[in-house]
Amino acid sequence: MTIGDLVKYNLDQFQNDVPGMVVGVEHLDSFDYLHVQWFDWGVGEIAVENPDALVLVSKANENR
């Protein structure tokens, strides 16, 4: 998953199905975490998420 992708939680693990947009990537402890702006959160309230808990809803278009 890359910046601009729309994601949501894997419903096998979580009940929340509200999508969010990946707005950044952070490398911590030999692992990449995604910064996600969930659409039901306030603007600028960014979550740090494990990509294994997320599924891709829509891939960002890299060919503008």
Side-chain angles (χ1 to χ4, degrees):
M1 290 176 221
T2 59
I3 293 173
D5 290 349
L6 292 180
V7 296
K8 66 179 182 178
Y9 282 117
N10 182 339
L11 291 181
D12 292 338
Q13 300 173 19
F14 300 96
Q15 296 301 311
N16 189 350
D17 65 350
V18 174
M21 180 178 287
V22 177
V23 295
V25 178
E26 182 175 2
H27 187 74
L28 291 172
D29 301 326
S30 302
F31 194 77
D32 287 334
Y33 291 92
L34 300 176
H35 291 197
V36 177
Q37 171 68 67
W38 294 109
F39 294 149
D40 62 344
W41 287 25
V43 174
E45 293 179 359
I46 306 298
V48 178
E49 300 288 353
N50 179 339
D52 293 338
L54 304 173
V55 294
L56 185 65
V57 173
S58 179
K59 188 79 178 142
N61 184 355
E62 297 176 10
N63 299 322
R64 297 182 202 148

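Along the sequence shown, residues are numbered consecutively beginning with 1. For clarity, every value in this text was computed on a predicted model and none was experimentally measured.
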Report summary line: Between the CG atom in L54 and the CG atom in N10, the distance rounded to the nearest 0.5 Å is 8.5 Å
Query raised in the report: What distance do D40 atom CG and E45 atom CD have between them, rounded to the nearest 0.5 Å?
Result: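 Interatomic distance, D40 CG to E45 CD, rounded to 0.5 Å: 9.5 Å.
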Does [X] share a hydrophobic cluster with [Y], counting links as ILVMFWY side-chain heavy atoms below 4.5 Å and allowing steps through other members?
X: L56; Y: V36; answer: yes
X: I46; Y: M1; answer: no
X: L34; Y: W38; answer: yes
X: V57; Y: F39; answer: yes

Checking the side chain of [X] only, and the main-chain atoms of [Y] only, is there a donor and an acceptor separated by less than 3.5 Å?
X: D5; Y: A60; value: yes
X: N50; Y: D52; value: yes
X: E49; Y: Y9; value: no

With a 3.5 Å cut-off and sequence neighbours excluded, list the donor-acceptor pairs that the side chains of residues 18-25 form with protein atoms.
none

Requested in this report: Name all residues meeting the side chain to side chain contact (heavy atoms under 4.5 Å, CB included) criterion together with E26; count only those two or more places apart in sequence or in a different chain, and write none if there are none.
Outcome: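 Per chain and number, E26 pairs via side chain to side chain contact (heavy atoms under 4.5 Å, CB included) with L28, H35, V48.
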